[in-house]
2 protein chains.
Amino acid sequence: MTVDSPNLENLRQSHTLSLQAVQVARLYYEQGLTTNDIALELKLSRPKVSRLLSHARKSGLVEIRIHDPEGEAMGLEARLQARYPFLQAQVVSVPLGSSESVWIERTATAAANLLTTLLRPGFRVGLAWGNTMSAVSRVLVPKAVADVIFVQLNGSANAADFVSGFVTETILRFARNFSAKAQMFPVPTFFDDPVTKQAMWRERSVRHVLELQEHADILMYSVGSHTAHTPSHVYTAGYLSPSDLSVLSDEGTVGDIATVFFRADGSHQGLSLNARASGPDLGLMQRVKESICVVSGLGKAAALHAALQGQLMHRLIVDEVTAQAVLELDLEGV
Amino acid sequence: MTVDSPNLENLRQSHTLSLQAVQVARLYYEQGLTTNDIALELKLSRPKVSRLLSHARKSGLVEIRIHDPEGEAMGLEARLQARYPFLQAQVVSVPLGSSESVWIERTATAAANLLTTLLRPGFRVGLAWGNTMSAVSRVLVPKAVADVIFVQLNGSANAADFVSGFVTETILRFARNFSAKAQMFPVPTFFDDPVTKQAMWRERSVRHVLELQEHADILMYSVGSHTAHTPSHVYTAGYLSPSDLSVLSDEGTVGDIATVFFRADGSHQGLSLNARASGPDLGLMQRVKESICVVSGLGKAAALHAALQGQLMHRLIVDEVTAQAVLELDLEGV
DNA sequence: CAGTTAAATGCACGTATGTTCAAGCCCCCC
DNA sequence: GGGGGGCTTGAACATACGTGCATTTAACTG
């Protein structure tokens, strides 16, 4: 690919665009001028100033972060944290009578924001994949952070991803957004034979990925559930045979994180399918410094409740309605 | 000091005020809703939402940062953290060609915001004193936090303070700002005789203060330097005799924290004056959970660089220009 | 060089936002 | 219990902001 002069020209222009945008943003946010004043000062039209401002916000030139006094929380947050003392919860409110797709959108936005806040140079971030993570990837606001690696937590090497690029695209969006590297995990989501998995796990290339996962600074994932309104990919994409699914029921699984299953009490040891799953041991979620669980949708309430019993996260981002449902499950259970 | 009911009431209200403000700010800045939508969703009047938003901005609950591709602030932050992995740095950008007093003002504002964010009910906060801390005290935004104690880190019982009230006033401003208590430290900044210090350190009243310092949840301080443009109080207020000052030079000290001196490599053991100083052992800065060092001004670069070698802080708030200077010192040193 | 397309510009409009002001409320003190 | 001061509240106003649209400008193509 050669760089011809028009492209160079575009590049220069996009630079001056950003420069102008920064200049305008400074005058607007730091000096507190109105768009009109700025237009006069820089001899631009007022609409142009307005457009530069939106550009600055959308492209991450201005970053707006909200410092939550993490001590006292309101309502649902407080109740969640009282019930699960290890947990740092953020409950996102949703409009009355809105659809679950709106909930996901809002929850994803909150999650994207939290990740941007927590991310520091040199961090390794483990990512699961699925509908929720995909939603998060689509609402990220660009910001360059040095030496970050995003590493895929569980395999996706199978037809479903290769046709749609669903998984690959999700993780690449994260990486691109932060000018970071992406480490894919090119193994099957589930192995047919646990022995093959063990063999693969001895391979250098795989061990490299596992190493990155083990030393991750942040993990981000959702919980999966077969009862979700929009069922998790893992249940719909044909990864599992009908007999697998019946085994899941028999063994009392209520959900999964990164395609590793757990029971209603949050335990995951001894579940037969996990020996064939490509996701990490769920103890990892406790070992790492930050593990962010993003959950939205009433159908996921039971799975989330189970994950909470198992302390499978440090932080939780959940929509109001689902949070309510989880707390009610708590009352029933006791 | 008794706590009467109106104070308690104010406390509760200021809490819910901030909590609501955060909630509103989230919906406004993260989710991009209009003030009207927010008013409907939270059942508030629209003007109230608007007021909550301004409150959130003024009180530093929302922080708006501008990532200037030209301006160094972001890059400097990354470089500082790469060079000093233990450090969490915040570099505040300053307008081109502005004076050092503007740098201090901005840096102090960032420090005040950080303190507000980190402060939780029940915390003990150790405070040094000096020009920088005074600047921070003047830009605090009021917020009531329950059961907080501010404790003075090093003595100030001498003529200079009693006339001007400089030190007392600084610490009282912190305390008043958060509806907290202030624990003064009524001993000389420097003892003439180390034996007197040791004797005083056995006194119950002094031990109480030392106890509070040792179990502080947060420390905040700057670094002092005799080369600073606005020299630190300790060097100008006549605390030290000319012979003391020459001893400082001979022993290779380059700066101080809370009137405890350290060398260019960050070490502080064995410096003769420290045996007479009222400030805490600098190991305390590492032992506590949070220690915030606030530095602004080119003259302090050398002292800050030394303090960084000794890992004498967990967090650093520094202006762009000084940060630049510190990193350059690094290059020279190698 | 003219034709076509795409992007950028500024006007004008409708909406969003901040602020003023009068009324209401609570607390305190007389 | 009856005012009075301080603070909070929401209606109404004035200003600021974002965006569709028609027009110009620029760029690429045949």
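First the proteins, then the strands, lettered A, B, ... as listed; each starts at 1.
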>> Please enumerate all residues that pass salt bridge (Lys or Arg N to Asp or Glu O under 4.0 Å) together with Glu320(B), with sequence neighbours excluded.
In response: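 Here no residue qualifies.
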> Can you list the residues that meet the side-chain hydrogen bond (donor to acceptor under 3.5 Å, both in side chains) rule with Ser179(A), with sequence neighbours excluded?
Replying inline: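 With neighbours one apart ignored, the set is empty.
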> With sequence neighbours left out, what residues match Tyr28(B) under side-chain hydrogen bond (donor to acceptor under 3.5 Å, both in side chains)?
Replying inline: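 Applying side-chain hydrogen bond (donor to acceptor under 3.5 Å, both in side chains) to Tyr28(B) gives none.
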> Base, backbone or nothing for each nucleotide of nucleotides 17-22 of chain C, written B, S, -, heavy atoms under 4.0 angstrom, 5' to 3'?
Replying inline: BBBB--
Between [N] atom [atom2] and [X] atom [atom1], what is the distance in whole Å?
{"X": "Leu27(B)", "N": "dA16(C)", "atom1": "CG", "atom2": "P", "value": "16 Å"}
{"X": "Ile38(B)", "N": "dA16(C)", "atom1": "CD1", "atom2": "P", "value": "12 Å"}
{"X": "Leu52(B)", "N": "dG10(D)", "atom1": "CG", "atom2": "P", "value": "11 Å"}
{"X": "Lys48(A)", "N": "dA8(C)", "atom1": "NZ", "atom2": "P", "value": "8 Å"}
{"X": "Leu40(B)", "N": "dT15(C)", "atom1": "CG", "atom2": "C1'", "value": "15 Å"}

>> Which residues pass the side chain to side chain contact (heavy atoms under 4.5 Å, CB included) test with Ser296(B), not counting sequence neighbours?
In response: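 Partners of Ser296(B) under the side chain to side chain contact (heavy atoms under 4.5 Å, CB included) test: Trp103(B), Ile104(B), Thr107(B), Asp319(B).
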> Who pairs with Gln324(A) by side chain to side chain contact (heavy atoms under 4.5 Å, CB included), at least two apart in sequence or on another chain?
Replying inline: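 Checked Gln324(A) against side chain to side chain contact (heavy atoms under 4.5 Å, CB included); matches are Leu76(A), Arg79(A), Glu328(A).
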Considering only nitrogen or oxygen atoms on both sides, find all protein atoms under 3.5 Å from nucleotides 23-26 of chain C and state each distance.
none

> Between the side chains of Arg46(A) and Ser50(A), does any donor sit under 3.5 Å from an acceptor?
Replying inline: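 Per modelled atom types, Arg46(A) and Ser50(A) side chains form no pair under 3.5 Å.
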>> Show me the pairs that pass salt bridge (Lys or Arg N to Asp or Glu O under 4.0 Å) and involve residues 110-119 of chain A, at least two apart or across chains.
In response: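 For residues 110-119 of chain A, and leaving out neighbouring residues, there are no salt bridge (Lys or Arg N to Asp or Glu O under 4.0 Å) pairs at all.
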> Can you list the residues that meet the ring pair (Phe, Tyr, Trp, His ring centres under 6.0 Å) rule with Phe174(B), with sequence neighbours excluded?
Replying inline: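 Partners of Phe174(B) under the ring pair (Phe, Tyr, Trp, His ring centres under 6.0 Å) test: Phe150(B).
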